[in-house]
Amino acid sequence: MSKKATPLASNFFSLASKPNLFSNLHSPISYFPLKPSMISLPSKFPTQTRCVHSKPSLSSSGEIHVIVGPMFAGKTTTLLHRVQAEINDGRNVAIIKSNKDNRYGLDSVVTHDGVKLPCCALPNLSSFKQNFGQDAYDQLDVIGIDEAQFFEDLYDFCHEVADHDGKTVIVAGLDGDYLRRSFGSVLDIIPLADSVTKLSAQCEICGKRAAFHLKKDRGDTDRTDWRD
Ligand SMILES: Nc1ncnc2c1ncn2[C@@H]1O[C@H](COP(=O)(O)OP(=O)(O)O)[C@@H](O)[C@H]1O
Ligand SMILES: Cc1cn([C@H]2C[C@H](O)[C@@H](COP(=O)(O)O)O2)c(=O)[nH]c1=O
């Protein structure tokens, strides 16, 4: 069989980076209260990823990196590691989380073992620019999003921030609910993503690797979102 590309196949090619038609990256200005060494993180979660550490050039487009897994897998820990690495690289970072997740208060993203960084807690992502201020938004290089499963406008936001505004977005959230059904819009952004990291937790019963979670009480068995 001929190895020559068919006309249809030749219409497609791989892209190392997305064309950025609208990139308008500004020189880093320190204004946001996230500073190098604000936190000391445990080292058990790797911070190295394919693209996260590369500084953008004026011609580079944005990036989207997705971290998923069950509860207690270390998603927030990994997000904070990556955010901290960006801060240490001198990049301007903001973190957003859903205001539905108020387990550890609303002013910080907090891991289950108590590591935290300040954040904006919002009902939806479309309100971020207005809350944060357009000038401050323009200075941002990186936006971290935690509890992404609760944001219905996740796809549009990531698309605009990365592909239109040229920023890096690091998204952490549950890919599935306790019945292993797709949760919110997290899976919808996989086609947009530069990297996807699926973490696992440790089974509370047998200690083995756990890819899913169970809900212990049996109430509201149909509902994905039990935070409402
Ligand atoms: N009940 C628990 N089960 C598992 N891990 C726990 C528990 N309580 C605290 N932890 C700690 O929380 C860490 C993961 O926290 P976090 O990054 O917030 O997870 P995720 O965001 O995936 O829910 C684990 O590495 C572990 O040290
Ligand atoms: C499995 C599952 C979880 N939730 C809620 C419970 C918590 O508020 C978050 C998960 O937080 P974590 O940082 O990953 O521990 O999601 C839910 O509403 N429905 C579910 O099925």
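Order of appearance sets the numbers: ligands from 1, and atoms from 1 within every ligand.
Taking only non-hydrogen atoms, the option from Asp146, Val68, Asp113, Val115 nearest to atom 26 (C) of ligand 1 is Asp113.
Shown in contact with His213 at under 4.0 Å from a heavy atom are these atoms of ligand 2, numbered in order with element: 1 (C). Here is the list of ligand 2 atoms found below 4.0 Å of a heavy atom in Asp225: 18 (O). With ligand atoms numbered from 1 in the order given, ligand 2 contributes 21 (O) to contacts under 4.0 Å with heavy atoms of Asp177. The atoms of ligand 1 that sit less than 4.0 Å from any heavy atom of Lys75 are 17 (O), 19 (O), 20 (P), 21 (O), 22 (O), 23 (O). Interface of Pro70 with ligand 1, defined as ligand atoms under 4.0 Å from a residue heavy atom, comprises 22 (O). The ligand atoms of ligand 2 that sit less than 4.0 angstrom from a heavy atom of Glu147 are 9 (C), 10 (C), 11 (O), 12 (P), 13 (O).
Ion pairing of Lys129 with Asp135 is absent here, as no side-chain N (NZ or NE/NH1/NH2) approaches a carboxylate O to less than 4.0 Å. Here Arg91 pairs with Glu86 in a salt bridge; the nearest charged N to carboxylate O distance falls below 4.0 Å. The existence of a salt bridge linking Arg103 and Glu147 is confirmed by a sub-4.0 Å separation between a basic side-chain nitrogen and an acidic carboxylate oxygen. Checked for salt-bridge contact, Asp175 and Lys198 meet the test: a charged N lies under 4.0 Å from a carboxylate O.
Under 4.0 angstrom from ligand 2, the non-hydrogen atoms of Met71 come from both its backbone and its side chain.
Inter-residue side-chain proximity for His164 and His159 is flagged as unmet; no heavy-atom pair is nearer than 4.5 Å. Between Leu199 and Val68 there is no side-chain heavy-atom pair separated by less than 4.5 Å.
Residue contact annotation: Gly74 has a non-hydrogen atom under 4.0 Å from ligand 1. Heavy-atom distances between Gln149 and ligand 2 reach below 4.0 Å in at least one pair.
Polar contact check, Ala73 against ligand 1: a nitrogen or oxygen pair lies under 3.5 Å apart. Some N or O of Arg103 is nearer than 3.5 Å to an N or O of ligand 2, by distance alone. Considering backbone and side-chain atoms together, Thr224 places an N or O closer than 3.5 Å to an N or O of ligand 2. Polar contact with ligand 1: absent for Val110 (N/O pair, distance under 3.5 Å). The shortest N or O to N or O distance between Lys75 and ligand 2 is below 3.5 Å. In terms of polar-atom proximity, defined here as any N/O pair under 3.5 Å, Thr77 does make such a contact with ligand 1.
Under the 30°/60° scheme for interplanar angles, the aromatic rings of His112 and Phe72 are found to be tilted.
Through chains of ILVMFWY side-chain contacts below 4.5 Å, Tyr104 is grouped with Val110.
Centroid-to-centroid, the aromatic rings of Tyr178 and His213 stay 6.0 Å apart or farther.
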Side-chain donor-acceptor pairs under 3.5 Å in residues 118-125, sequence neighbours left out?
from: Asn124; atom 1: OD1; to: Ser126; atom 2: OG; distance (Å): 3.2
from: Asn124; atom 1: OD1; to: Ser127; atom 2: N; distance (Å): 3.1
from: Asn124; atom 1: OD1; to: Ser127; atom 2: OG; distance (Å): 2.9

